[in-house]
J.: 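What follows is a single structure, and I will ask about it in a moment.
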Amino acid sequence: MSERKISASAALAEALHDEMSQDESIYILGEDLTAHAGIFGQFKGLPEAFPGRILDTPISEMCIVGCGVGSALTGMRPIVDLHFSDFVTCAMDELCNQAAKIRYMFGGQVKLPMVVWCPDGAGLRAAAQHSQSLESWFVHTPGVKVVVPSEPADVKGLIKSAIRDDDPVMFFQHKRLFAKEGPVPEDKDFIIPLGQAAVKREGSDVSLLTYGSGYYLCAQAAEELAKDGIEAEVVDLRTLKPLDMDTVAQSIKKTYRAVIVHEACVTGGFGAELAARIQSELFDYLDAPVGRVGTKDVPIPFSPPLEDFVLPSVADVIEAAKAVAYR
Amino acid sequence: MSERKISASAALAEALHDEMSQDESIYILGEDLTAHAGIFGQFKGLPEAFPGRILDTPISEMCIVGCGVGSALTGMRPIVDLHFSDFVTCAMDELCNQAAKIRYMFGGQVKLPMVVWCPDGAGLRAAAQHSQSLESWFVHTPGVKVVVPSEPADVKGLIKSAIRDDDPVMFFQHKRLFAKEGPVPEDKDFIIPLGQAAVKREGSDVSLLTYGSGYYLCAQAAEELAKDGIEAEVVDLRTLKPLDMDTVAQSIKKTYRAVIVHEACVTGGFGAELAARIQSELFDYLDAPVGRVGTKDVPIPFSPPLEDFVLPSVADVIEAAKAVAYR
Amino acid sequence: MPEDSNLLLSMYKTMVKVRQFESMAGEYFAAGDIPGFIHLSIGQEGSSVGICSALRDDDYVATTHRGHGHMIAKGADLNKMVAELFGKATGYCKGKGGSMHIADFSIGILGANGVVAGGLPIITGAGLSIKYRKTDQVAVVFFGDGASNRGPVHEAMNMCAIWNLPVLFVVENNQWASTTPQTYSCSVGDLCTRAAGYGIPGVAVDGNDVLAVREAALEAVARARAGEGPTFIENKTYRIRGHFEGDPQKYRKEAEVKAWQDEKDPINRYTKLLTQKKLLNKTKIQTIWDEVKAELDAALDFAKSSPFPKPEDALNDLFSNPY
Amino acid sequence: MPEDSNLLLSMYKTMVKVRQFESMAGEYFAAGDIPGFIHLSIGQEGSSVGICSALRDDDYVATTHRGHGHMIAKGADLNKMVAELFGKATGYCKGKGGSMHIADFSIGILGANGVVAGGLPIITGAGLSIKYRKTDQVAVVFFGDGASNRGPVHEAMNMCAIWNLPVLFVVENNQWASTTPQTYSCSVGDLCTRAAGYGIPGVAVDGNDVLAVREAALEAVARARAGEGPTFIENKTYRIRGHFEGDPQKYRKEAEVKAWQDEKDPINRYTKLLTQKKLLNKTKIQTIWDEVKAELDAALDFAKSSPFPKPEDALNDLFSNPY
Ligand SMILES: Cc1ncc(C[n+]2csc(CCOP(=O)(O)OP(=O)(O)O)c2C)c(N)n1
Ligand SMILES: Cc1ncc(C[n+]2csc(CCOP(=O)(O)OP(=O)(O)O)c2C)c(N)n1
Ligand SMILES: [Mg+2]
Ligand SMILES: [Mg+2]
């Protein structure tokens, strides 16, 4: 990996710049994109570089996603910015009854290349309606792919794959991680295929299976655990649909123990699906039940002590890892 | 249980009649309710019995659910008919960002007694947009309760609890089961508390954990399995939130084996959450991995051979049960 | 008024085609040959044929649950349509869609929709795509009086207006939305009056006068191709059949339906007009109905003799890039 | 025009209260004492105070992300408001909501909303509930020019119209929706023109003239209480501060903001008027500002000296009937 370090935001903008330069049919639409290059500055440089291809919309989520669908069906490759992932609720029909089903319902007549970019996650004291992690709803929706990158390089490599993919892709990027820096290859051809997990730390005692913001919790927890002589293997799933079950299996066949970590609330979260598959496909390799770490089952509260309490922490991961490791 | 047999529709109408007679604040709103007593005739007799309390709405799902929310916050006890469960997608914000979060966000200032009645399920050749089972989205949404009855008596007992509950309740009733008859107590005070599963068939070899239409698959599969000397215990969960984990645990501590059966598609379905909890809480009692049976991960296709192929069948349940029983 | 007699006659034939297709569908549904549920547009042929007569092959149409007429008027293949209704592998969607989910992207039909008003956000995207690609195509969305009260209509009209997109909003006000009368569900009698709130030209048309509909469509299409933006057309018409086949229809009186048949019927009215114009006479009419019947019979044979899809085919067509 | 001088003066004091509250919030946010993000209504006091001056305690109000002014004008408790912004256990929502999610159901405030236009479906339900319970309450929803383009607005206006519900739709057209000008996002200049599409009376008001707003509100409230249905009021005003505190505001010129301050400022204008009426003079004004400041300082002390909620309290208040 290159040693140039840039932020997740910069990685996103760089990838979009590369792709948009190569393909005229790509455009970005959403609310408040041009004035500040996206409300998080995530599209820095793009409004100037691609005038007319970054489109400000009215506040009309149903129609924003609908524009993505309709233009994708007629030759464009839209990137839809949903402003906050929480507002997928305002366009669920367009996402799940239209985008996800159109190709299938119509017998494969058409392709629907659309990326829905959703800034998600908590920690900004933004409270219940601006802090959710909702990827699990889409994992349960046949017809869409689901990508949740963590480090800047993953953002660059995966958004390129998502854009080049001919199917609807839900792309969730954590708001609190935009400024986080990491090494990112400058190579225009650098790409990470959908469905490839990454073993980001090798370990023999327990597998920490994670994605998005959970990766940073696991990376830190792994260092702490090492001090107690527990070598954790950190697997960043990166894409939930398609899911790289082979990498998960290889890791568990080595560690016999697994903890799944994500920021979505635990009940019905992706950890449920993954734990169910692991116990089913790797039953004889498990020396302990698969652990799950996630947000407690309440909406995200506003006040710092409350929000900090409900969100998963490094300590939670360590505790869960020890629980399975010492079993 | 009484021996009077009535249909699931009749059980629903009877329960609503009882409750509406006792409480003036209960009303029903939705599309096309009065002319035919609901598009499935599910409210037979109510428009005549309660003029003005069954309200036809325009086709405006956001506002229909919003009416439920706003009236519940101001003293009413609304029952919202969503016409087809597939259209929760048109009101996801009102359901998940408003109804589910209002009490919590506002620090418990207010109660929000609302039942959202959603006819769901496939098998009617109604294709991708009129056949879904979406309960799992709401299991993953803190702040709403989720009820999925199977037999007519369950419908009566659970809708009464849902109506008397002071929180938002998503109530999913399968379209293909409306006409199915079963014994239903006439007793006005007959009620089934939320969070109580029912062991509907005792067995020692494998636990079939199910709800909604899955119950009938399991009941039939259990009879078949008995012929092969496998005694299946059929546990009808009835409510997914709250979940009666005690009854599940008791059953598995007896059988050491479990298969979860539901009509929602497998990936990310409720079976994932339940399997995850079982392997975590009952690890040492499992002699085999928890099996999952559900709809294959595609939208529901129209043509009979296609729809029949993707939906879970009695044969699927038998196969899954044998797979864990013979392990 | 268009004076090309071939065109006038072909419009007539198309109306007959829609009518016969719908009648056939009703029969075969009643006989149990068509699974699921179907919604027929009998009595609304003036709207489907009038609008589509103003369109080119490369123009886009998004239709509804009551979309057979729009499909046929836009030039859909009868064989593939009947086969799809029958759930056969040779149907437009290989049996995956059925009546409520037919599409033909090769002639710009972006699909029927089981979600009321579901076509409006999609057509907005098609309009935007036309603008990006700098073609002179137009995009048309059909929806009903009931659908007109859903939120997406508002968002789509505003968006198409501010971006001046080449879109036709065609509301087929057939007086009923399932069991609910338009007079109850809509806060205005003339839905076209809502267009003013978006700075969009809105016009109410006698939807059972196919030429009046065509006129309105031609004007709107010209405006759209000229880059002058969207138009809202309200075709006043009536749903003769039940909401779906098998609808008990307790909500309306036989007499109300009768009043819209016979002399108000769009095909009868057009027949009378073309007869006055000496373009039609008893024998010509008979020939046309027979020709259409023959075409439809062939389509029925095709559908009946076609195989059902293989069960495992249910797992295909989910993704363009499968994994 | 209302001639009760006590009322006129109390309206003045309320405007000052809103202004000082917002300024305080801005300061403490900048200082890092208020977590999250906050949206201030400075310059829009004419709308919040004018509308709420026409309401009773038992009337309902649904507000927005920019809702402090509506809360205060409806009679909210400053202590609980400041405490909530600070995230303290003594706040309106025990720290669970914050600025974007305050409510006081004891005085009919059904809540701020983090979802733009989220209040409209809810207020429709409140209006329906009033009709069911046969009271003479009214229900008011505030929303912005940006929110006016969302689908729920359409559904709510149609529903309130067909059922003749006692609802006031109050759009605060402050020219901007975050970085997007109203002239770009809305297909009409006067949003009130959309009301005609629903058969609802629509009126545009100088939102910085508190008495003009009050007049419009009184009329609409009278109509609502008389069972004559909803009214749509467009208060033309301007957002003086950034969209949120910390907004870089590259999208507008300093001069544009300046032009709306000083003589266009709703408080300055009202001060001048009341001074002409001899109801105010320099000392009276000073007294009022001092009284408000004292009240606010007390609220600040209350908030500062209040404890943060206990972490575990995060698990409370989810259900009325917990399990
Ligand atoms: C969002 C949504 N809500 C409800 C339905 C159920 N539904 C199907 S058709 C229909 C009536 C539609 O009436 P209208 O729009 O006037 O079209 P028409 O049937 O008269 O052609 C309803 C309520 C649906 N398909 N989608
Ligand atoms: C459904 C939804 N979409 C987008 C947002 C993000 N957002 C918050 S406020 C805002 C601008 C609102 O503008 P306006 O309605 O005019 O109210 P104002 O801020 O001017 O008071 C936006 C886009 C949101 N909160 N909800
Ligand atoms: Mg209609
Ligand atoms: Mg604004």
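In what follows, chains carry the letters A, B, and so on, assigned in the order in which the sequence lines appear, proteins first and then strands, with residues in each chain numbered from 1.
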J.: Report yes if some heavy atom in the side chain of A:F171 is under 4.5 Å from a heavy atom in the side chain of A:K145; otherwise report no.
T.: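 No, every pair of side-chain atoms sits at 4.5 Å or beyond.
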J.: Flag the one option from B:A127, B:G107, B:A275, B:S136 with the top tally of heavy-atom pairs under 4.5 Å to chain A.
T.: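 That would be B:S136.
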J.: Is chain B contacted by the side chain of A:T295, its backbone, both, or neither, given a heavy-atom distance below 4.5 Å?
T.: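 Neither part.
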J.: With a distance cut-off below 6.0 Å to the six-membered ring centre and an angular limit of 45° from the axis, does A:K296 pair with A:F309 as a cation-pi contact?
T.: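 Because its charged atom sits under 6.0 Å from the ring centre and within 45° of the axis, A:K296 does stack over A:F309.
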J.: Taking B:P301, B:G143, B:P289, B:G268 one by one, which has the highest count of heavy-atom pairs under 4.5 Å against chain A?
T.: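 Greatest number of close heavy-atom pairs with chain A: B:P289.
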J.: What part of A:V266 gets within 4.5 angstrom of chain B, counting heavy atoms only: side chain, backbone, both, or neither?
T.: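 Contact with chain B is through the backbone of A:V266 alone.
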J.: Under 4.5 Å from any heavy atom of chain B, what part of A:R327 do you find: side chain, backbone, both or neither?
T.: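 Just the side chain, heavy atoms under 4.5 Å.
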J.: Taking B:E94, B:R277, B:Q132, B:M62 one by one, which has the highest count of heavy-atom pairs under 4.5 Å against chain A?
T.: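 Result: the option with the highest number of such pairs is B:Q132.
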J.: Count the heavy atoms of every other residue, nucleotide or ligand shown that sit under 6.0 Å from CZ of B:F283, and state whether that count exceeds 12.
T.: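 Yes, CZ of B:F283 has more than 12 neighbouring heavy atoms, counting only those of other groups under 6.0 Å.
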J.: Less than 4.0 angstrom from a charged side-chain N to a carboxylate O is my criterion; do A:E273 and B:R292 meet it?
T.: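 Salt bridge: yes.
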J.: Under 4.5 Å, counting heavy-atom pairs only, tell me which of B:A128, B:G271, B:A264 racks up the most with chain A.
T.: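 Sorted descending by pairs with chain A, the first entry is B:A128.
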J.: Specify whether B:Y285 and B:Y256 have parallel, tilted or perpendicular ring planes, treating 30° as the upper limit for parallel and 60° as the lower limit for perpendicular.
T.: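 Parallel, since the angle between the ring planes stays under 30°.
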J.: When you check the gap from the basic side-chain N to the acidic O, do B:K101 and A:D86 get nearer than 4.0 Å?
T.: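 Looking at A:D86 together with B:K101, the answer is no, because their closest N to O distance does not fall below 4.0 Å.
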